Amino acid sequence: MRFLKKKFYEYYLKPDIIFPSRIDRREFAFLSFSDTMMRRHISFPTRDRLLYYLRINAPAHAYYSSAYYRRPDAATMQEKEWMGADLIFDLDADHIPGAFESGYENALRMVKEEMKKLLDFLLEDFGFDKNKMHVFFSGGRGYHCHVFDRRVIELGSGERREIVDYITARGLDMDSVIVEKEIFADGYSIKKVEIMPSLPSWRGRIARGIIEFLKEIKSMEREDAIKKMMELEGIGRKIAESIYDSLDEERMKRIEEGMIDQLSAYKRLIKPLAKKLAVSLHSSTDEPVTADIKRLIRLPGSLHGKTGLKVEKVDIDAIDEFEPLRDAIAFGDEIVEIEVKKPFSIEMNEERYELKKGRARVPEYVAVFAVARGFAEG
Amino acid sequence: MDLHVIARYPFLEEAREWVKSEAVSIEEVLNEAVYDRARERAMERVKQAVEKGIIKPYPCVEESDCVMEIFSYPIARMIVAAVESDFLIRRYALAEAKKAYETLKNEDASFINFMLEKFGISMHDGKIHFTDYLKYAPTWHSKWKLVNRIMERGYIRLEKNEMARLLQEAIRKKIQDELFYLFAPPEVRKIFGELINRLRAKTVVKEDKKYEGEESMVYFPPCIKSLISAARNGINIPHVGRFTLVTFLNAVGMPIDDIVSLFRSSPDFNEEKTRYQIEHITGKISGTIYSVPKCATIRTWGLCNPDELCRKVSHPMIYYRIKRGKNEVPKEKVL
């Protein structure tokens with residue numbers, strides 16, 4: 001622990017903090033390496049005071065409130081007087097079922113994909129300005145998105161929940177995304193479903209999702225296609241077969257134009273597809289933090305005590321290129337010696353480290369990561 | 001603005017301005033025979049709100065009909081305020097809002113636009129921003145959930161009657177927020193005493209008297225808190241102080257026996273006498289329920305020791321309601 005604490009002290013001599021707006025209205029909270037209790041209700045009138053605090057305390061974890069308070073250092077919520085809050089999305093590998101099965105690095109990649117979905121919703125559907133949003137790698141197991149558009153700051157918890165429900169497709173009325181039509185021709189009535197791929201919001205998203213999915217299915221070998229469809233919830237072999245076998249050129253063309261006949265089989269695709277298109281924002285145990293208007297979030301540019309990585313800003317336009325284990329490294333590459341307690345493998349800064357029990361010489365950033373994760377001692 | 005329009009939407013600033021420009025005093029409206037019809041209609045508004053949940057429109061043929069309809073609104077508000085019941089305030093605000101909705105959905109687009117702007121909602125080619133939408137949409141209904149709307153770059157297209165529905169909620173909120181801050185002048189109690197007492201018996205018991213024992217006390221205003229601690233510590237309280245305390249505790253629903261025991265430590269405690277006085281004030285004997293004195297009165301009696309919230313309110317019951325966390329504090333004080 002001494003090693004880690006020393007390194008954190010070194011970092012906080014000259015940290016790259018990205019300051020939240022209206023710092024004087026925010027509550028700060030810290031957890032040090034030795035404390036078990038979080039130190040809360042701290043406020044700083046200026047950026048320099050915060051930097052000074054970080055320098056002398058070098059906390060293991062640093063947080064600030066998404067909310068703005070009249071008296072951020074008051075001990076109770078009532079006395080603090082809530083004035084508004086940024087809109088925060090917290091995407092964590094914990095929220096994705098099975099994310100850790102293929103390791104830490106892969107889990108982070110999966111969360112990044114979720115973040116890309118979220119950004120598409122926020123930019124296309126909600127119309128937020130890119131300049132009024134920040135995306136951060138949390139330093140731990142996920143990504144955060146902060147929206148500080150003036151119009152969302154005053155939204156209450158119920159209104160934020162509606163935003164969450166939107167991007168997670170909760171409460172989505174499956175009948176509203178498609179329009180069933182009865183067409184009369186030659187004395188017969190035919191039921192048809194109209195989908196609208198050119199529309200914005202969920203109606204368009206589902207329609208485009210269906211078309212894309214069916215195109216993919218059509219291009220696949222029969223057995224593979226059927227298997228892929230059966231991965232979706234509520235699709236059995238019989239339905240999968242009937243969908244595959246019905247997808248001739250002409251039908252595919254009609255579907256791309258937004259007309260679906262033989263609706264009963266296709267209708268089954270909507271619900272599982274919506275689930276795939278939605279953002280995984282709910283953890284199994286708690287409610288999404290977005291609806292919480294009094295939430296603490298990691299201070300951008302601070303260090304994560306369990307990884308030694310930095311809460312790092314991600315360029316929204318270059319999110320694909322962002323590599324957390326390269327771009328969020330806070331320490332140098334000077335070689336240091338550590339005592340590995342538990343073998344581990346990690347790719348950092350584009351180099352793979354396979355470490356076995358015993359003494360090892362690694363770059364400082366690998367050492368910090370290994371010690372913070374509890375794999376080694378400094 | 002046309003008098004007929006003002007009569008349909010008497011909660012608008014324009015209506016307030018018009019009433020002001022008429023330069024009629026509250027006394028006149030409450031007492032003069034010319035305003036008989038306005039007072040009748042005011043009582044009808046409140047009664048319909050309670051019984052039907054909606055207020056029926058009043059046929060305005062002549063200009064004088066409009067005048068009566070317009071005046072009836074502030075009078076109705078005073079009656080509602082005098083009852084001092086959260087339940088009634090909510091129900092009345094909703095009934096007025098529903099009444100407005102019924103006519104709003106038939107107004108033309110430019111008027112809807114005008115109304116939206118009144119509530120700070122700006123419309124761009126039949127679309128409004130989702131943050132405005134969320135403030136007023138009844139999202140508990142599946143059709144109104146944001147996820148089921150067509151939203152493009154933050155804007156949602158709405159039909160005219162859907163706009164009217166949003167306005168209904170905006171109007172309801174406005175009327176309700178105003179009423180929580182409104183204190184009725186005492187004359188109202190005299191003139192509409194019978195109706196007020198009847199409504200109070202009906203509604204106050206329902207909602208306001210949610211006394212939850214000692215726990216409710218944290219929401220009491222500082223003046224009441226210090227009176228309670230004085231009573232408990234056997235410090236002699238002046239008559240006006242006891243009056244304030246008893247009317248307040250009765251209004252929040254504390255049982256009479258509990259109020260009596262509060263005075264047990266008083267140096268001159270006499271159970272029979274105390275009970276008689278309390279029952280007199282709380283209407284058990286006299287038939288009149290004395291209302292809680294307003295802040296200004298408490299201040300002149302030298303019982304006021306305000307905290308920050310006190311500066312925003314004019315009546316101890318309003319303090320209690322706000323503190324109980326049921327209502328948000330409106331941006332500006334309305335009175």
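Quick caveat: nothing in here was measured; it's all calculated off a predicted structure.
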What part of [X] gets within 4.5 angstrom of chain B, counting heavy atoms only: side chain, backbone, both, or neither?
| X | result |
| --- | --- |
| A/Leu123 | backbone |
| A/Leu155 | side chain |
| A/Glu79 | neither |

Sub-4.5 Å side-chain heavy-atom contact between [X] and [Y]:
| X | Y | result |
| --- | --- | --- |
| B/Leu134 | A/Ile163 | yes |
| B/Lys145 | A/Asp165 | yes |
| B/Glu152 | A/Glu124 | no |
| A/Arg203 | B/Ile150 | yes |
| A/Glu162 | B/Arg149 | no |

Exercise. At a heavy-atom separation under 4.5 Å, does B/Ser142 approach chain A through its side chain, its backbone, both, or neither?
Worked result: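 Side chain of B/Ser142 only, per the 4.5 Å heavy-atom cut-off to chain A.
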Exercise. Which bit of B/Lys143 is near chain A, if near means a heavy-atom gap under 4.5 Å: side chain, backbone, both or neither?
Worked result: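 B/Lys143 has no heavy atom closer than 4.5 Å to chain A.
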Approximate separation, where rounding is to 0.5 Å, of [X] [atom1] and [Y] [atom2]:
| X | Y | atom1 | atom2 | value |
| --- | --- | --- | --- | --- |
| B/Asn148 | A/Met174 | CG | CE | 9.0 Å |
| A/Ile167 | B/Leu146 | CD1 | CG | 10.5 Å |
| B/His129 | A/Asp149 | NE2 | CG | 6.5 Å |

Exercise. Between A/Phe128 and B/Phe130, is the ring centre distance below 6.0 Å?
Worked result: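 They qualify: ring centres under 6.0 Å apart.
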Problem set entry | When A/Gly156, A/Pro200, A/Gly171 are compared by non-hydrogen pairs under 4.5 Å with chain B, the top option |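 Counting heavy-atom pairs under 4.5 Å, the top option is A/Pro200.
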For this session: Identify the heavy atoms of A/Leu172 and B/Val147 that sit nearest to each other, and give their distance.
Result: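 Of all heavy-atom pairs spanning A/Leu172 and B/Val147, the closest is CD1-O, 3.6 Å.
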Check the surroundings of atom [atom1] in [X]: do more than 12 heavy atoms from other residues, nucleotides or ligands lie under 6.0 Å from it?
| X | atom1 | value |
| --- | --- | --- |
| A/Gln78 | CD | no |
| B/Lys225 | NZ | yes |
| A/Lys271 | NZ | no |

